[in-house]
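Single-structure report; data block below.
The first residue of the sequence shown is numbered 1, and numbering continues consecutively from there.
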Amino acid sequence: MKRFIRFAALAVAGLGLAAGAWAQGSVLRVVPHSNLSILDPIWTTQYMARNHGYMIYDTLFGTDEKGQIKPQMVDTWEVSPDNRLWTFKLRKGLEFHDGRPVTGEDVIASLTRWGKRDAMGQKLFTFIARMDSPTPDSFRIFLSEACGIMLDALGKPSSNVPFIMPKRVADTPADKQIEDYVGSGPYVFKRDEFKPGDKAVYVKFAKYVPRKEPPSGSTGGKIAHIERVEWNLALRDAQAQVNALVKGEVDIIEQPAFESYAALSKDPNIQIVNSNNLGFQYMVRFNHLHPPFNNPKVRQAAIAAFNQEAFLKAQVGIKEYYKSCPSMFVCGTPYGSTKGSDLIGKSNMKKAQELLKASGYDGTTVVVMKPTDLASITKLPDVAAQLLRQAGFKVDLQSMDWNTLVGRRAKKDAPSAGGWNIFATAWVSPDIWNPLTKAAIGAAGEKSWFGWPTDAEIEKLRDQFAREVDMGKRKGLAEAIQARAFEVGTHAPVGEYFNPSAVRKGVTGVVFGPGNFYWNIKK
């Protein structure tokens, strides 16, 4: 990783141009990693929706690049001696894009909706007895019993992020997507210019009041130096992206195709910038509701077939950008462990074939969904299909764009009726570095993340983890949860990787964190 160039994060107030006067330095043109079609970052864990959320919404707390939780919209807070009453006061000057002030009622409605969709939010709300707003600029959270995850949950930096929306918007049922995109963040979404598959546009919110601290991760001063940010959603061809960056037609490629790095790194006007030092983890997710993966023995056979090196070599290919990791959490972090990982840690096709035969698998076709327009993961389903076939599975590999896949994975229909058996995805490290942030390890059945595993023991251990404050005991619980998750076969981790951005050298101020942030940047 030595050749990655790190930028210093600056927090210097900038002068904006009048609306409509889009000089070259006032417009940032970005090629995002995928298309944007879902605009509700609570309804989906999709990272494009998360990044869209960070443009237009703000959060109560955030996580800096060192993993520390810090206040964002919150000014001060107090905790009762028994740790069951939390009282928060909001910063002065918080205002939604429609001119209305941000209130405690907006916060309560936003947290309530988030708590029905997010894995960590769901766990936090098992401890919450009620919430109220004694004054317009404050809110309180009453717990039925003390827990150790309050600030970790409220400062969660990635999907699903507890973004604060106006109450009228947050009152939208959690299983329905919002249709009003008024936020209080540093940028305003130009809905009138939004064209899915073409472009998304954001303009500076002049009344946004940033914090005084330097930006770090999702915390600190979110200063919009750039007047207008344009996401080019149409430029999906890898070589066309490279050509546009070289010519200066775009300023940033969020996640270049891995085969593009050789050419990009040779251009003197382009920098390869890794703003996420912990990287990502690939995973293959099973649908636990339908055959054949409603059988844990069949899931174990698939896990045994999944050779991580095969996935990483095919998808990434650049050795310095990937590494095998048998942990369901992140290797090199406090909860990274090999506990219970023998099936994935020692991939063995003969073992997979034996397990599949012993499972009673009857030849049911496995529907594997393959996204055609997301360069960072598009080859993973091909590898999964090949390895499954070698193990003895009958496989139907079905191609579609990423947004179609995202919509389809939410369906609980049988695979033969438009549902699915397997999809592959990637998670940024903060989303998966403990048993509560990692959505795929939750096993609460219908309330769980897509795939819907059910296991009372996993949920019991996660409850204990949420209550525990001793780090040594939390690590032991995390290992127990991982071991049980491998036994149950919730999903298969298939390696970790980096996918740094390509940035023109005239662009400075990139903020380091788990998402793609566009405040603090200058041209």
Side-chain angles (χ1 to χ4, degrees), residues 32-57 59 63 110-111 113-125 152-163 165 170 172 174-178 218 254-255 276 279-288 328-330 369 371 374 376-377 380 401-412 420 422-453 462 490-491 493 499 513-516:
H33 66 272
S34 182
N35 185 27
L36 176 69
S37 63
I38 299 172
L39 302 175
D40 185 347
I42 304 302
W43 187 83
T44 181
T45 54
Q46 186 187 35
Y47 286 159
M48 281 297 291
R50 176 205 63 191
N51 292 353
H52 163 78
Y54 269 118
M55 294 295 286
I56 65 175
Y57 302 111
T59 58
T63 303
S110 297
L111 292 181
R113 185 169 187 266
W114 165 78
K116 294 176 181 177
R117 298 292 296 184
D118 178 69
M120 195 170 192
Q122 290 172 358
K123 189 60 63 179
L124 176 63
F125 269 77
D152 288 337
L154 298 185
K156 190 173 186 282
S158 192
S159 299
N160 300 91
V161 179
F163 292 117
M165 303 176 178
T172 302
D175 60 353
K176 180 183 177 182
Q177 294 185 47
I178 62 173
S218 61
E254 283 185 353
Q255 292 182 6
N276 175 20
F280 300 79
Q281 186 182 87
Y282 285 132
M283 97 172 34
V284 174
R285 180 65 158 180
F286 307 112
N287 188 333
H288 292 238
M328 284 191 171
F329 306 117
V330 182
M369 297 191 292
L374 191 52
S376 62
I377 65 172
L380 299 179
D401 64 74
W402 175 242
N403 281 287
T404 298
L405 188 155
V406 168
R408 186 170 169 180
R409 71 182 182 182
K411 296 181 179 180
K412 296 178 181 177
W420 58 277
I422 275 181
F423 71 89
T425 191
W427 290 89
V428 70
S429 294
D431 276 337
I432 57 169
W433 60 23
N434 75 51
L436 299 183
T437 60
K438 184 156 189 170
I441 216 162
E446 297 288 318
K447 295 181 179 180
S448 297
W449 190 63
F450 313 115
W452 309 285
R462 290 177 75 233
T490 55
H491 65 286
N499 197 171
N516 300 102

Could you state the interatomic distance from CZ (Arg117) to CD (Gln122), rounded to the nearest 0.5 Å?
9.0 Å
Using the side-chain contact (heavy atoms from CB on, under 4.5 Å) rule, take Val428 and Asn276 through it: C-alpha gap first, then chi angles, then the decisive distance, then the call.
CA-CA 8 Å; Val428 70; Asn276 175 20; 3.2 Å; yes
Side-chain donor or acceptor of Gln255 paired with backbone N/O of His33 under 3.5 Å:
no
How close do Asp118 and Asn160 get, heavy atom to heavy atom, and via which atoms?
OD1-N, 3.0 Å
Evaluate the side-chain contact (heavy atoms from CB on, under 4.5 Å) criterion for residues Val406 and Thr44: first the C-alpha distance (whole Å), next the side-chain angles of each, then the deciding distance (0.1 Å), finally the verdict.
CA-CA 8 Å; Val406 168; Thr44 181; 3.8 Å; yes
Once you round to the nearest 0.5 Å, how far does OH of Tyr282 lie from CD1 of Ile377?
8.0 Å
Please tell me if the side chains of Val284 and Ile422 come closer than 4.5 Å, counting only heavy atoms from C-beta onward.
yes
When rounded to the nearest 0.5 angstrom, what distance separates CH2 in Trp433 from CD in Gln281?
13.5 Å
Side chains of Ser376 and Asn499, donor plus acceptor under 3.5 Å:
no
Starting from the C-alpha separation in whole Å, work towards a yes-or-no answer on side-chain contact (heavy atoms from CB on, under 4.5 Å) for Phe450 and Arg408.
CA-CA 10 Å; Phe450 313 115; Arg408 186 170 169 180; over 6 Å; no
NZ (Lys412) with more than 12 external heavy atoms under 6.0 Å
yes
With no hydrogens and no angle check, just 3.5 Å: does a side-chain donor-acceptor pair link Arg113 and Thr172?
no
Aromatic plane relationship, Trp420 with Trp452 - under 30° parallel, 30 to 60° tilted, over 60° perpendicular
tilted
Test Asn403 against Gln46 for side-chain hydrogen bond (donor to acceptor under 3.5 Å, both in side chains), laying out the working first.
CA-CA 9 Å; Asn403 281 287; Gln46 186 187 35; 3.1 Å; yes
Where do Pro453 and Arg285 come nearest, in terms of heavy atoms and distance?
CD-NH2, 3.2 Å
Show the nearest heavy-atom pair for residues Met48 and Ser34, with the distance to one decimal.
CE-O, 3.2 Å
Separation of Leu436 CG from Asp152 CG (nearest 0.5 Å)
8.5 Å
Output for pair (Ile42 CD1, Met165 CE), nearest 0.5 Å, gives 4.5 Å
Distance-only, no hydrogens or angles: does the Ser159 side chain make a donor-acceptor pair with backbone N or O of Tyr47 under 3.5 Å?
no
Between Ile178 and Leu39, is any pair of side-chain heavy atoms under 4.5 Å apart?
no
Which heavy atom of Phe163 sits nearest to which heavy atom of Arg50, and what is that distance?
CZ-O, 3.7 Å
Looking at every non-hydrogen atom in both residues, tell me the closest pair between Tyr54 and Lys156 and how far apart they are.
OH-O, 4.3 Å
Does Thr425 reach the side chain of Trp402, with side-chain heavy atoms less than 4.5 Å apart?
yes
Going through the checks in order, is the side-chain contact (heavy atoms from CB on, under 4.5 Å) test met by Asn51 and Leu36?
CA-CA 10 Å; Asn51 292 353; Leu36 176 69; over 6 Å; no
Whether Trp114 and Phe125 hold their rings parallel, tilted or perpendicular, with breakpoints at 30° and 60°:
perpendicular
Heavy atoms only: give me the nearest Pro435-Ile441 pair and the separation to one decimal.
O-CG2, 3.3 Å
Under a 4.5 Å cut-off applied to non-hydrogen side-chain atoms, are Lys438 and Trp449 in contact?
no
Quick check for you: to the nearest 0.5 Å, what is the distance between Phe329 atom CZ and Thr437 atom OG1?
8.0 Å
Got a donor-acceptor contact below 3.5 angstrom from the His52 side chain to the Pro41 backbone?
no
